[in-house]
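First the structure, in the form of structure tokens, and then the observations on it.
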Amino acid sequence: MRFPSRLLAANMWFAVMLWAGYLVLVTVITLAVELFGELNQSAWEQATQLPRWYAFFTGVTLVRQFLPLYIAHGQTRREFGAQAAVTVALFAPFLSALITISYLLETALYGLLDRPQVISQAHLFTEPTQVPLVFAEYLLEFLVWIIGGSFIGAGFYRWGAGGLLTIPVGILLAVLAETATGGELRLPLLRVIDLNLSPSAAMTAGVGIGAFVLGLALTWPLIRDVPLRNKA
Amino acid sequence: MRVDAHDLVLRYGDVTALDRMSFSLEPGKIYGLLGRNGSGKTSLLSVLAAFRKHSEGTVRVDGAPVFENRDVTRRVSLIRDTGETVDISSAEDALEFAKWLRPDWDAALAASLMDTFAINPKKEVSGMSKGQRSALGVIVGLAGRAPLTMFDESYLGMDAPARHAFYDALLADYMAHPRTIILSTHLIEEVSSLFEEVLIIDRGRLLVQEEAETLLSRGTSVTGPILQVDAFTEGMTVLGARELGPTKSAMVYGHLDDVRRKRAVESGLDLGPIAMQDLFVHLTGGPR
């Protein structure tokens, strides 16, 4: 199989551009809080809500945009599936690395301002400087959100409105990931679902790999013979 | 590439889009695929390009099945108006992906056609006019140089000068790099001179597959004095007629043998070809 360099490059380049803009925005907000309020906790801990949705829509776009592109250029669904899987497996750590760097830059900024970079919610890590744990947590989160986006995107691409049926499965994957990192998914109605698992690095790795493989296994039957739509 | 379809069926739920269609296409020709709206043109091309899996029958390209067969699909290109190959950020990105995925990609031809159609490579595809998006699609189709290249009305959004530039580019590149090309179109008169062979389909069935010249020979215009034209065409299938003063011109369908042609000349009648579009209208049954 050919290495999906173009697919990865397209997504990575866009992600870096977005991240640079988002980094500036979060920094400006942080400084605004310092100037006009009380800066007493990590801003990036809150700011990671949006990147997970970006990861989700990257997964949707993989199927909605790149699957038709690949097939129209003579690739098979099987080839696309393999390239998309490799892309997700490499893009998720890339995003996680960007978030980890963001926390470290924030650490430097808070040091300059002499403010405590307090982490207020449950995580796999207790300090933003615990780089391997920060990286592992967001790696799992992005893996699951991208593959969940791919699964739901495939459902809508194949069945139109019938794709709504895939949403509960996508949510279940996200809940599993959050629970495995000790986090709490702040989405309406989801607090009723509590798998009550004790997070650990081993569990994070296990859940991450398991959710990724499960997501691939669920998505493949939806795309393996999917027809390209006749309308844009 | 050679194409062979046998008893090809495609169903969408209760709708049968292709109904036991059988035909063979020899390699290295330009084919016209004609049919009315909903006749099954897009469905047929989608099956040939593995965009869809057929329901029954067989379709083979160079003797091999098409669906999910990379040895075949990588040598097949279908450009549709839906823009699968171009709907990705900028025009430059669309060409980069095509270059990366198409084994026979000709970057120089793509660059030349970008100039011909005055497309800015940096421009976002989503911000392009319909005509520019269509032009980008045909650039991807032509520069891809796939041995089986199909255009499904993908140039309808272009204005007349751009369409003619496309026809010129297609013909020039086909002469330099012969391959099997299928053009599906409603602009029959505009494109018919390119066709070497024509397939006409209707309601999912193949009505006609003939050399373009043979098909055109099935229709004749008969022009002359009204009485002589009426006498000559009596008992023949008249597709249409126009009168101007004492002169009448009638379009008749059916082969004219030498005896009839000689009789026409003796009656002072002029015989000439008729437009492919008139034959198409007749063969597909007129208004519905």
Side-chain angles (χ1 to χ4, degrees), chain A residues 1-18 21 54 57-58 60-84 86-87 153-154 157-162 220-232, chain B residues 10 12 17 38 41-43 45-47 49-55 61 66-90 93-94 96-105 125-126 130 133 137 140-141 144 146-150 152 154:
Chain A
M1 187 195 80
R2 201 174 174 193
F3 186 74
S5 53
R6 274 241 51 100
L7 197 54
L8 260 173
N11 283 297
M12 283 179 173
W13 175 245
F14 189 58
V16 166
M17 301 294 284
L18 279 181
Y54 165 69
F57 284 107
T58 299
V60 172
T61 305
L62 265 181
V63 174
R64 178 70 185 80
Q65 187 175 44
F66 289 102
L67 170 67
L69 175 80
Y70 266 62
I71 293 172
H73 276 310
Q75 307 293 299
T76 63
R77 290 152 185 81
R78 201 166 43 251
E79 285 175 306
F80 169 77
Q83 293 224 348
V86 172
T87 300
Y157 190 80
R158 182 169 190 125
W159 295 317
W220 174 242
L222 298 184
I223 65 168
R224 62 191 289 269
D225 59 354
V226 68
L228 292 204
R229 290 180 175 181
N230 284 344
K231 289 180 181 167
Chain B
L10 177 67
Y12 305 107
K41 300 189 299 293
T42 296
S43 296
L45 296 181
S46 296
V47 168
F51 283 18
R52 285 186 172 274
K53 189 176 186 180
H54 56 283
S55 310
V61 172
V66 181
F67 194 76
E68 287 294 272
N69 182 354
R70 73 180 299 273
D71 292 339
V72 172
T73 55
R74 62 202 290 270
R75 304 181 71 215
V76 175
S77 168
L78 167 59
I79 303 297
R80 308 194 297 184
D81 208 23
T82 34
E84 293 91 357
T85 54
V86 299
D87 280 344
I88 174 172
S89 49
S90 68
D93 289 331
E96 279 300 314
F97 262 99
K99 181 181 176 183
W100 193 64
L101 293 170
R102 282 277 163 211
D104 301 311
W105 181 254
V125 177
S126 58
K130 170 89 173 152
R133 286 180 77 245
V140 169
L148 173 57
T149 300
M150 300 175 279
D152 183 14
S154 42

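These numbers come from a predicted model, not from an experiment.
- At a 4.5 Å heavy-atom cutoff, B:Val72 makes no contact with chain A through either its backbone or its side chain.
- Nearest approach of B:Phe67 to A:Asp225, heavy atoms of both residues: CZ-CA, 3.9 Å.
- Using cut-offs of 30° and 60° on the angle between ring planes, the pair A:Phe66 and B:Phe97 is tilted.
- Taking the side chain as every heavy atom from C-beta outward, B:Thr85 and A:His73 approach each other to under 4.5 Å.
- Residues B:Glu84 and A:Leu228 meet the side-chain proximity criterion, which asks for heavy atoms closer than 4.5 Å.
- Counting heavy atoms from C-beta outward, A:Thr76 and B:Thr73 have side chains that approach closer than 4.5 Å.
- Between A:Arg77 and B:Arg52 the shortest heavy-atom distance is NH2-N, 4.3 Å.
- Other residues, nucleotides and ligands contribute more than 12 heavy atoms inside 6.0 Å of the OH atom of B:Tyr12.
- Formation of a donor-acceptor pair under 3.5 Å by the B:Glu68 side chain with backbone atoms of A:Arg78 is found in this model.
- Contacts between B:Asp152 and chain A at a heavy-atom distance below 4.5 Å are absent for every atom of the residue.
- In terms of non-hydrogen atom pairs under 4.5 Å with chain A, the most contact-rich of B:Ala49, B:Ala50, B:Gly144 is B:Ala50.
- In this structure, B:Leu101 CG and A:Leu7 CG are separated by 9.0 Å, a value rounded to the nearest 0.5 Å.
- With a 4.5 Å cut-off on side-chain heavy atoms, B:Thr82 and A:Arg229 do not count as touching.
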